[in-house]
Amino acid sequence: MTAFKSDFLNILQERGFIHQCSDFEGLDALAAKGEATAYVGYDCTARSLHIGNYLTMMMLHWLQQSGNKPITLMGGGTTMVGDPSGKDETRALRSVAEIEANKSSIRGVFAKVLRYGNGHSDAVMLDNAEWLTKLNWIEMLRDVGRHFSVNRMLTMDSVRLRLEREQEMSFIEFNYMVCQAYDFVELSRRVGCRLQMGGSDQWGNIVNGVDLGRRMGTPQLFALTTPLLTTASGDKMGKTAKGAVWLNADEFSPYDFWQYWRNTEDADVVKFLKLFTILPMAEIAKLAALKGGEINEAKKVLATEATALLHGRDAANQAAETARQTFEEGAIAENLPTVEIPRGELDAGVGVLAAFVKAGLVASNGEARRQIKGGGLRVNDVAVTDEKMTLSPANLTGEGVIKLSLGKKRHVLLRA
């Protein structure tokens with residue numbers, strides 16, 4: 001393990017954030033002096049960011065904690081273009097109104113892990129629509145486009161993989177890397193930004209920005225990426241039967257967020273404690289020493305600390321208590337996730353397969369059938385054995401709900 005001069009790189013290395021860096025020595029010297037202004041870009045493609053974005057937010061958090069300045073760049077301009085990275089099809093073009101609505105919905109989450117203000121290491125939020133939407137096409141081609149080699153652009157993963165799979169790439173998508181590279185140059189000129197961070201899938205785009213800065217006369221720029229998130233079993237992290245693990249509470253409840261971390265595989269607990277909590281490393285080392293059934297205590301700590309950082313300590317403690325009541329006491333805790341269904345629909349009878357899909361506990365009727373065969377689905381704590389079972393008002397408990405369960409850890413209440 002390399003010993004760096006800067007707290008920033010030492011923290012990131014110790015916690016497992018570092019994948020690639022364009023120049024460790026140069027970046028280390030800059031960060032050691034508290035002069036590393038860095039940004040991460042966040043496109044406004046949905047109403048909420050997701051768990052993958054949370055990883056780069058934590059990189060910005062530790063940058064700030066080490067006395068350097070973070071920039072959260074909203075992609076009001078780049079969202080109009082669409083990042084082709086990792087996609088087989090062209091992203092749907094979004095209207096300006098939709099992008100603005102998404103941007104407004106996303107903004108609040110950053111203040112959970114960053115401190116904004118006017119101080120030396122206070123975070124700032126900028127929007128690339130401010131400069132990208134004002135560019136003159138001919139001037140852009142002449143002043144910026146001339147620095148890009150089409151031969152090299154064709155070798156970038158975001159382009160090469162699409163072409164190898166014989167999937168069409170639109171000209172607007174092909175220009176995404178030009179826009180992202182120009183963002184880096186513009187941020188360097190405007191606010192002295194010297195570092196861009198992102199997931200490893202963004203390495204090519206970020207290095208393009210470093211190279212463009214050199215060609216356009218900025219001070220030396222730096223690139224730093226983090227590994228893409230996967231679980232110990234090799235699955236891409238951040239997917240559930242309900243879909244993505246969103247950061248906004250109205251898209252993915254604090255209880256669901258807590259449960260997501262509680263269900264972490266044993267082999268991933270320590271890794272996620274380092275990446276997604278701010279617990280001191282000495283405390284994480286103690287949790288890492290737990291063996292056998294005791295590792296469940298480490299999972300609860302992970303769930304509570306990760307949830308507290310994003311949703312607040314009260315919401316995290318409430319989620320932990322709801323889980324305790326549900327699992328240890330067998331109670332129907334009122335804080336469990338709830339799905340409303342029209343009373344008329346329940347009066348007519350709701351098929352059990354459809355009910356579990358509606359609750360988000362399974363992704364399809366087929367998955368529900370497979371779970372029933374394995375004894376994995378329960379209604380009001382009774383195993384479902386008949387896939388043709390119908391739920392009706394007779395299934396309502398005294399609390400006026402129907403408790404649906406997938407395994408021992410995931411529960412949703414149907415309320416009519």
Side-chain angles (χ1 to χ4, degrees), residues 37-50 52-53 56-57 60 69-87 90-111 114 116-118 122-145 147-148 158 169-199 201-202 204-206 208-210 212-213 216 218 221 223 246-248 251:
T37 297
Y39 91 95
V40 177
Y42 299 93
D43 278 349
C44 313
T45 54
R47 287 184 46 79
S48 171
L49 298 178
H50 54 74
N53 303 124
T56 56
M57 286 167 59
L60 290 173
K69 191 175 189 71
I71 299 170
T72 45
L73 181 67
M74 304 302 288
T78 41
T79 308
M80 295 181 186
V81 177
D83 184 0
S85 301
K87 297 293 179 182
T90 301
R91 291 180 187 267
L93 291 180
R94 289 168 172 79
S95 67
V96 173
E98 186 180 358
I99 291 171
E100 288 300 316
N102 288 345
K103 191 192 307 178
S104 177
S105 179
I106 287 168
R107 283 179 184 274
V109 74
F110 296 106
L114 296 172
Y116 286 83
N118 299 314
D122 286 344
V124 294
M125 183 177 291
L126 299 172
D127 186 343
N128 60 22
E130 188 176 333
W131 51 86
L132 291 180
T133 57
K134 296 174 183 175
L135 289 171
N136 176 287
W137 172 241
I138 297 298
E139 288 179 1
M140 178 70 171
L141 287 176
R142 185 191 64 199
D143 298 339
V144 180
H147 296 300
F148 284 82
S158 59
M169 169 171 273
S170 68
F171 179 67
I172 189 172
E173 290 177 289
F174 190 59
N175 280 273
Y176 187 90
M177 67 179 79
V178 177
C179 295
Q180 184 171 335
Y182 183 69
D183 281 344
F184 204 173
V185 172
E186 191 70 23
L187 287 170
S188 175
R189 290 172 171 173
R190 288 176 179 238
V191 291
C193 181
R194 302 280 301 276
L195 169 64
Q196 183 183 171
M197 301 188 292
D201 61 333
Q202 292 295 314
N205 288 345
I206 298 174
N208 265 336
V210 172
L212 183 63
M216 296 186 73
T218 69
L221 304 181
W246 300 109
L247 303 186
N248 283 17
E251 299 285 339

Original post:
Mind checking what makes ring-ring contact (aromatic ring centres under 6.0 Å, His included) contact with Phe110, not counting sequence neighbours?
Top reply: Tyr42
**OP:** Would you check if there is a donor-acceptor pair between the side chains of Thr78 and Asp183 at a distance under 3.5 Å?
**Re:** no
Original post:
Is there a donor-acceptor pair under 3.5 Å between the side chain of Ser104 and the backbone N or O of Ala101?
Top reply: no
Subject >> Stepwise side-chain contact (heavy atoms from CB on, under 4.5 Å) test for Asn205 and Met177 >> reply: CA-CA 5 Å; Asn205 288 345; Met177 67 179 79; 3.3 Å; yes
Original post:
Is the backbone N or O of Ala181 less than 3.5 Å from a side-chain atom of Asn208, with the two atoms forming a donor-acceptor pair by type?
Top reply: no
Subject >> Gln202 side chain to Gln196 side chain, donor-acceptor N/O pair below 3.5 angstrom >> reply: no
Subject >> Any residue meeting side chain to side chain donor-acceptor pair (under 3.5 Å) with Asp127, in chain and number order, not counting sequence neighbours >> reply: Lys103
Subject >> Cys44 to Met74 - nearest heavy-atom pair and separation >> reply: SG-CE, 4.2 Å
Original post:
Leu73 and Asn128: which non-hydrogen atoms are nearest, and at how many Å?
Top reply: CD1-N, 3.7 Å
Subject >> Derivation of the side-chain contact (heavy atoms from CB on, under 4.5 Å) call for Met197 and Ile206 >> reply: CA-CA 8 Å; Met197 301 188 292; Ile206 298 174; 5.9 Å; no
Subject >> Between CD on residue Glu98 and OG1 on residue Thr45, distance to nearest 0.5 Å >> reply: 9.5 Å
Original post:
Got a second to check how far Phe148's CZ is from Tyr182's OH, nearest 0.5 Å?
Top reply: 11.5 Å
Subject >> salt bridge (Lys or Arg N to Asp or Glu O under 4.0 Å) involving Arg47 - partner list, sequence neighbours excluded >> reply: Asp250, Glu251
Subject >> For Arg190, all residues meeting salt bridge (Lys or Arg N to Asp or Glu O under 4.0 Å), sequence neighbours excluded >> reply: Glu130, Glu186
Subject >> Donor-acceptor contact present, side-chain Ser48 to main-chain Leu247, <3.5 Å >> reply: yes
Original post:
Is any side-chain heavy atom of Trp131 less than 4.5 Å from a side-chain heavy atom of Leu135?
Top reply: no
Original post:
Side chains of Phe184 and Leu212: closer than 4.5 Å at any heavy-atom pair?
Top reply: no
**OP:** Apply side chain to side chain contact (heavy atoms under 4.5 Å, CB included) to Ala123 and list each qualifying residue two or more places apart in sequence or on a separate chain.
**Re:** Gln64, Pro70, Leu114, Tyr116
Original post:
Residues in side chain to side chain contact (heavy atoms under 4.5 Å, CB included) with Ser188, at least two apart?
Top reply: Thr218, Pro219, Leu221
**OP:** List in chain and number order the residues that pass salt bridge (Lys or Arg N to Asp or Glu O under 4.0 Å) with Asp122, two or more places apart in sequence or in another chain; answer none if no residue qualifies.
**Re:** Arg115
Original post:
Within the side chain of Asn102, is there an N or O that forms a donor-acceptor pair under 3.5 Å with the backbone of Ile99?
Top reply: no
Subject >> Those residues that, when tested against Val124, pass side chain to side chain contact (heavy atoms under 4.5 Å, CB included) (two or more places apart) >> reply: Lys69, Ile71
Subject >> Beyond-backbone contact of Met216 with Val144, side-chain heavy atoms, under 4.5 angstrom >> reply: yes
Original post:
What residues, two or more places apart in sequence or in another chain, satisfy side chain to side chain contact (heavy atoms under 4.5 Å, CB included) together with Thr133?
Top reply: Met80, Ala129
